[in-house]
Structure formats: C-alpha cells, structure tokens
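Read through the structure below, which is laid out as structure tokens, and then see the notes.
So you know, we letter chains A, B, ... as the sequences are listed, proteins then strands, and number each from 1.
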Amino acid sequence: MLDIQTLRNDIQGAAKRLESRKFSLDVAFFQGLEAERKTVQTRTQELQARRNAASKAIGMKKAKGEDASDILAEVASLGDELKENEARLDEIQGKLQAFLLSIPNFPHDSVPFGQSEADNVEVRRWGQPKHRDFEVKDHVALGEGLSMLDFETAVKISGARFSLMKGEIARLHRALGQFMLDLHTSEHGYVEVYVPYMVNAESLRGTGQLPKFEEDLFSVSNGYYLIPTAEVPVTNIVRDEILSPESLPIKYVAHTPCFRSEAGSYGRDVRGMIRQHQFDKVELVQIVHPEKSYEALDSLLGHAEEVLRRLDLPYRVVSLCSGDMGFSAAKTYDIEVWLPAQKAYREISSCSNFEAFQARRMQARYKTESGRNELVHTLNGSGLAVGRTLVAILENNQEADGSVIIPEVLRPYMGGMEKIA
RNA sequence: GGAGAGGUGGCAGAGUGGUCGAAUGUACCUGACUCGAAAUCAGGCGUAGGCGCAAGUCUACCGAGGGUUCGAAUCCCUCCCUCUCCGCCA
C-alpha cells in the first residue's frame, strides 16, 4: 500500500510513476473521493465534539442533581445529522481503503523501464552450460526412465499439475530442502522458522496477495487459505508489531510447500514439474531498517545465488523491468537456472525489496532513536524453489545412459550416493 | 467435541452507564539531590487519523464487529482468542 499522503501531495507524480508498470491511476476518482472525505470528516468530527461536550455537561448536571433536559433537547437534534455523516464517512473511508489496496508499489528508480519479460535486463551470468554430445532428455523423460517420477499416478490421485516422486528422486528432493536450510542457517545468518501452511485473509492482505489476486489462491473452509509462498506466514510474523531498532535486521528462513491455483496460466509449462499446484520452496525473508533495504536485497540475492553455485548449476541474474514486476515489489531480481532440455534459462528464484509497501499494510514498525514509530522495509526471495532445482539437477547432471550425477554437496544427505541410476 | 472462567496501556491490575484515554503499581525517559550510583522527589511516558504555517486542537480506539443510549471499558447480540477440567487424537 502506498502512503495516502504521497497521493494527496502529488497525485500526478504518483500516476506517472505507476504508468511505467502499466497501471493507470484513476486520478479524478481519488481527488473526488478525497474532497468528499475532507468535508464529511470535518463535519462529522465537529458534530462528535459537540455531542461529547453536551453529554459531558449532562453528566455533570446530573451528578449535582440538577435538571438537564434543556441540553438533552439540544443534543437530540444532532443525532440524525451525526448518524448520517458517520455512515457516509465510513463508506468513503472504505472506498478510499479499497482504492489504496488496489494500487501497486512504485518501482525503484533503478528499475529498468519496459513492458514485458523481454525487457528484463541481464545483470550477470555464472557457470557454463555443459557441452553434451548426446541428445539431452528433459526431466520428465529422465524421471520416468528411472521410474522415479510418475505423473500419471499423480493425475489419478489428484489431477493435473501435481507430481509423484519416488525412491532416490524423492530423497534428492528432500536432500535439497535440507541442504538449503542448512546453508542459510549456518552460513548466512537466518533463523529457521516453521510456520502454518494455512493462513487467514488478513495475512494475505498484509503481503499483498489479497484483495486483488484471490483467484491465484486455494481457499479451504473456515476462511483459511493455503499459502502460495512462505512469504505470507513468515513476513506476517511482524504484522502489528513495533520492533526495537536493535532487533533489526530480522532474517528468517522457512521450508514449506506452496499452493497455487495458477489460474490464467493454462497451457504454459503443462509438461513436468515446472508449474505445479503444489511445490516446495525454501524462502528467505528479511525485515530491515528502511535505509538498509537495498543493501539487504543485494545480500539476499547473493544468498540465493550461493545455493546454485554450491550445486554447480549455471544461472543468470536478471533485473525485472517495470512492466514485469509483481504488484508489491519496488525492485525484483530473478535468478534463472539453465535448463538444457529447454535450451533456456528459467526462473528458479525471485528476490524482491518491497520497501514499506507490505509494512504499511501490516503496520509493521520499529521505534526510532527519537521514539517515533517508523515502518520497516520487508524483503524476500526464494532460496530456492526446490522442485525446479530438482529439475535443474536432473537435466544438467544427466548422463548419456539416463543416469544422474548427484551434486557433491548433496551426497552427505544421500547416504554418500554419487549417482541415481 | 462437552463444561466453566476470562480478554483493559510495555507488564501487573482497578474500573459494571456520566467530568474515563482510563486509578494505582511497575518498567522506561528527563530533571533535582549525589563525586558517581542506588534510594528519594518532580515531570513525562499508548496507537491511528483530521484540521492548522505553527502553537495547538479535535476525532477514534479498553479482543473484533454490530446494537441500545444524549452518553458505553461498563448493558445486549454475533464472532475470535486465551486459560482450567473432561473426552478424542498424531
């Protein structure tokens, strides 16, 4: 959520900044609503003040045993107008709030301008795709060849966009989650957290999934939603909190399943494990001092990259352009891993600085030295998407005979095994 | 799931229709005393928002939402949460 003050002060400037992300701000609507709000709020508060003063006077008179019927009659006439104004003010505030909740974040000045994925800017590459003198298989062919990936059965059990892993691939998947958690906790300074996989609507509003993106979520009974990412429960740890400045930065890492309905993505990546209704992800979250959030973004990105380096998987980092960034982000780097079967780099992590956008929705603040409450900045990034990392290992480490070499760092988690065959 | 108790400021805790945004204690900040500290004394000390150049002033908030009333922390309704006992359960 943007600060309503910035809209009040410079609505045209705001509209301009949002244009770059293909959002057109309804300036006239806002100005009209604000003008109305001002009149109605001023009038309402004036009436409330009069009523309060009169009621107080009645109380004082009654306490002295005097008759108060004259004031009583006077205040009675306020009732209707006050009620009407209060109701109108409520309605206007509600509309204003809904309007604010529907506006995406401002892109940071360093974000490249562009319309789509095609305009994202490559920042760096790491590693070399291996040269192969055999026909590379995709992970589906490899996994089915090993009888360790079984999409047909997954369809029977649940439906499309679910997967079933068995044997060493299931174990490799587990090993990956363990390895990532261990790396981030023991070397990158994150505190491991275990969080609920079902959350309430307030949490989703806090991180920005609601109210606009309900169709991407799975909801269950009792008003709960399955988490689309650990970002939601983890970031909301600080919702409605006033943190002490010494407690910053807060760095959390969580390994959770993620559930996405992916409405509107029909036809994309239908084959294999790339786009699933359920997938595992290790998520990095940082809650930081507002002046340090871009430093923090660089370090968080580095933490995610380190996973790929240790696994020896070639990747590149791209800076998302204004038109391709998510709703809540001020700046986002994607990490894309090389998938030889697709002969392309594919997203495996997304690292974003949300600045105060989520913090404002969540009322997540810290107390400054001077005792003022200021919004924190929030960041998160995948470190990494476990399913896609598994896909990358299968495809990058395959041998001509369809076996897969296990990355060295994972072997301790695999009982010393070197190869899946 | 059944029965009971309860949710008030950072914490503890009073307040059951009127001058209550809320006593008191404690924590914290400032000042005095002190060479310094402790103790003591004085003052300050919640959050969000409106109007205003500012000083300031007004409004809302006592788990959440509605209602009754001139007036609600206090009465009524719905929901949420916590605790105790019983049952069930990984």
Side-chain angles (χ1 to χ4, degrees), chain A residues 1-9 11 30-101 194-206 210-211 219-225 233 236-248 257 356-376:
Chain A
M1 194 161 69
L2 300 176
D3 185 355
I4 192 165
Q5 295 298 352
T6 47
L7 296 187
R8 286 182 184 142
N9 295 339
I11 184 81
F30 176 76
Q31 287 176 327
L33 211 53
E34 255 294 286
E36 207 184 342
R37 191 224 93 228
K38 200 160 170 170
T39 342
V40 176
Q41 182 163 8
T42 308
R43 181 67 185 151
T44 303
Q45 293 188 346
E46 185 189 318
L47 291 169
Q48 284 171 330
R50 272 166 63 188
R51 179 206 58 199
N52 290 347
S55 294
K56 207 170 228 178
I58 292 169
M60 285 164 82
K61 279 204 163 188
K62 289 217 166 165
K64 286 188 216 148
E66 296 171 21
D67 177 58
S69 51
D70 51 330
I71 312 176
L72 216 58
E74 186 194 319
V75 81
S77 65
L78 292 177
D80 282 351
E81 193 191 348
L82 180 57
K83 250 193 182 119
E84 192 186 307
N85 271 276
E86 280 176 336
R88 248 179 95 204
L89 184 60
D90 256 15
E91 191 194 334
I92 294 166
Q93 301 278 38
K95 279 187 191 168
L96 224 37
Q97 184 70 5
F99 181 72
L100 282 174
L101 285 173
Y194 173 87
V195 293
Y197 299 160
M198 290 191 273
V199 294
N200 56 35
E202 288 87 277
S203 291
L204 288 155
R205 199 172 306 123
L210 287 181
S219 63
V220 294
S221 57
N222 303 325
Y224 293 125
Y225 294 83
N236 274 281
I237 289 172
V238 298
R239 173 153 56 91
D240 292 322
E241 296 292 331
I242 298 175
L243 305 160
S244 68
E246 314 85 72
S247 66
L248 303 179
F357 189 85
Q358 293 180 327
R360 190 170 290 108
R361 289 172 165 245
M362 293 192 299
Q363 283 300 296
R365 294 157 293 173
Y366 75 101
K367 222 171 233 332
T368 63
E369 291 300 316
S370 58
R372 293 194 327 108
N373 295 329
E374 233 175 77
L375 295 168
V376 295

For [X], report the nucleic acid contact type (base, sugar-phosphate, nothing); a contact means any heavy atom under 4.0 Å.
X: A:R372; value: nothing
X: A:A54; value: nothing
X: A:Q5; value: sugar-phosphate
X: A:K62; value: base
X: A:K61; value: nothing

Salt bridge A:E86-A:K83, side-chain N to carboxylate O under 4.0 Å = no
Counting just side-chain N and O atoms, does [X] come under 4.0 Å of either OP1 or OP2 of [N]?
X: A:K56; N: B:rG71; result: no
X: A:R51; N: B:rA60; result: yes
X: A:K83; N: B:rC70; result: no
X: A:R360; N: B:rA48; result: no
X: A:N52; N: B:rU59; result: yes
X: A:R365; N: B:rA48; result: yes

Side chains of A:N52 and A:S55, donor plus acceptor under 3.5 Å = no
task = For A:E34 and for A:A49, locate the closest nucleotide of RNA chain B by heavy-atom distance; then report the residue assigned to the nucleotide nearer the 5' terminus.
result = A:E34
request  = Return the 5'-most residue of the pair A:I58, A:R50 with respect to RNA chain B, ranking by each residue's nearest nucleotide.
outcome  = A:R50
query = Considering only side-chain heavy atoms of A:K38, which listed nucleotide, B:rG50, B:rU47, B:rC51, is closest?
reply = B:rC51
inquiry  = With the threshold set at under 4.0 Å for non-hydrogen atoms, list the residues of residues 194-202 of chain A touching RNA chain B in residue-number order.
reply    = none
